[in-house]
Number of protein chains: 2
Amino acid sequence: MLEKTTRVNYLFDFYQSLLTKKQRNYMSLYYLDDFSLGEIAEEYDVSRQAVYDNIKRTETMLEDYESKLHLFEKFQERQEIIQKLKLCYNNQQLDREAINELMDALEKLD
Amino acid sequence: MLEKTTRVNYLFDFYQSLLTKKQRNYMSLYYLDDFSLGEIAEEYDVSRQAVYDNIKRTETMLEDYESKLHLFEKFQERQEIIQKLKLCYNNQQLDREAINELMDALEKLD
């Protein structure tokens, strides 16, 4: 069975504009609206296997895009730095050097 | 004539992993190493027109990826906020509210 993971949700979010309309529809129903494979098959009047194959292929494409563009990975890196920055800034002992380093690190990420 | 623009350089930087090896080679020689079309044609033993067509098609692909993924646009948005944040933080009148708003804005960008 396919696993409805958070990772796929993120990858779908980052790369959906590169998918075909059909791929987007299936993925959206399956991952966002929590339809079953059978329900999607019925909706589109195709076999359950066809839906399964399409979704599996799409997941492979998403991982392939991620291995090339790293958008999810870079997003996580940025979020981590921003959280540190907020923590550093909002706890009272303001460490100017640490904060400047964090801002520089953020600036250098593309 | 092709124009060797900063924009294409940025787009190439963001999306080169999605291009073919040949596309990357031509683009890299033309935009990064400042070869002429004629020099690339000679290097690869193809016509100048073939190099020109390949580079033009590649530029169209890069713009197409940018219209879908907006990586360059988002990069510029982030850089702008980071510059404001640095300015705000390093000029002495610390405006906590403005700084927190900038950090929140950064966090919300994907």
Side-chain angles (χ1 to χ4, degrees), chain A residues 6-7 9-21 23-24 27 58 60-110, chain B residues 6-7 9-21 23-24 27 58 60-110:
Chain A
T6 313
R7 178 174 173 84
N9 271 297
Y10 269 107
L11 295 184
F12 180 57
D13 207 40
F14 283 113
Y15 301 111
Q16 58 175 302
S17 64
L18 300 177
L19 304 176
T20 65
K21 193 153 181 280
Q23 286 178 315
R24 266 201 301 274
M27 292 295 281
T58 305
T60 304
M61 276 182 67
L62 293 177
E63 287 292 351
D64 186 50
Y65 282 129
E66 176 63 10
S67 76
K68 287 174 174 166
L69 294 172
H70 311 284
L71 298 188
F72 180 38
E73 184 188 328
K74 287 178 183 173
F75 169 77
Q76 288 174 303
E77 282 173 16
R78 277 198 306 274
Q79 288 297 321
E80 204 177 304
I81 298 177
I82 295 167
Q83 295 320 316
K84 277 188 199 157
L85 191 58
K86 284 184 154 185
L87 211 67
C88 237
Y89 182 64
N90 286 313
N91 87 32
Q92 288 322 9
Q93 74 248 56
L94 280 175
D95 179 348
R96 294 199 74 81
E97 202 179 340
I99 289 179
N100 277 307
E101 273 173 21
L102 288 167
M103 291 193 297
D104 286 343
L106 260 185
E107 192 182 2
K108 272 177 203 108
L109 289 176
D110 65 11
Chain B
T6 313
R7 178 175 174 84
N9 271 297
Y10 269 105
L11 296 183
F12 180 57
D13 208 40
F14 283 113
Y15 301 109
Q16 59 174 301
S17 65
L18 299 176
L19 303 176
T20 66
K21 192 153 181 283
Q23 285 178 315
R24 266 200 302 275
M27 291 295 282
T58 305
T60 304
M61 278 182 67
L62 293 177
E63 288 291 352
D64 186 50
Y65 282 129
E66 175 64 9
S67 76
K68 288 174 174 165
L69 294 171
H70 310 285
L71 299 188
F72 180 39
E73 182 188 329
K74 287 176 182 174
F75 169 76
Q76 288 175 302
E77 281 173 16
R78 278 198 305 275
Q79 287 298 322
E80 203 177 306
I81 297 177
I82 295 167
Q83 294 321 315
K84 277 187 198 155
L85 191 57
K86 285 185 152 185
L87 211 66
C88 237
Y89 181 64
N90 286 313
N91 88 34
Q92 287 325 7
Q93 73 249 55
L94 279 176
D95 178 348
R96 293 199 76 78
E97 201 180 340
I99 289 177
N100 276 307
E101 272 173 23
L102 287 168
M103 291 192 297
D104 286 342
L106 261 185
E107 193 182 1
K108 272 177 204 107
L109 289 176
D110 63 12

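Computed over heavy atoms, backbone and side chain alike; hydrogens, waters and symmetry mates excluded. These numbers were taken from a predicted model, which means no experiment stands behind them. Numbers restart at 1 for each chain; the letters A, B, ... are given by sequence-line order, proteins then strands.
The side-chain heavy atoms of B:F12 and B:L19, taken from C-beta on, include a pair separated by under 4.5 Å. Two residues are said to be in side-chain contact when any heavy atoms from C-beta on lie closer than 4.5 Å; A:Y15 and A:L69 meet this criterion. Counting heavy atoms from C-beta on, the side chains of B:E66 and B:R7 come closer than 4.5 Å.
The distance from the CE atom of A:M61 to the CG atom of A:L11 is 12.0 Å, given to the nearest 0.5 Å. The distance from the CG atom of B:L62 to the CD atom of B:Q16 is 9.5 Å, given to the nearest 0.5 Å.
Under the 30°/60° scheme for interplanar angles, the aromatic rings of A:F75 and A:Y10 are found to be tilted.
For A:Y65, the part sitting under 4.5 Å from any heavy atom of chain B is the side chain, from C-beta outward, and nothing else. The part of A:I82 that comes within reach of chain B is its side chain, from C-beta onward, which places non-hydrogen atoms under 4.5 angstrom from that chain. Both the backbone and the side chain of A:D104 come within contact range of chain B, judged by heavy atoms closer than 4.5 Å. Proximity to chain B is limited to the side chain of A:Q79, based on heavy atoms less than 4.5 angstrom apart. Only the side chain of A:Q83 comes within contact range of chain B, with heavy atoms under 4.5 Å apart. For a residue to count as touching a neighbouring chain, one of its non-hydrogen atoms must lie under 4.5 Å from one of that chain's; by this rule A:L109 touches chain B with the backbone only.
By number of non-hydrogen pairs under 4.5 angstrom with chain B, the leading residue of A:L71, A:D64, A:L18, A:L106 is A:L18. Among A:I81, A:D13, A:L85, the residue making the largest number of heavy-atom pairs under 4.5 Å with chain B is A:L85.
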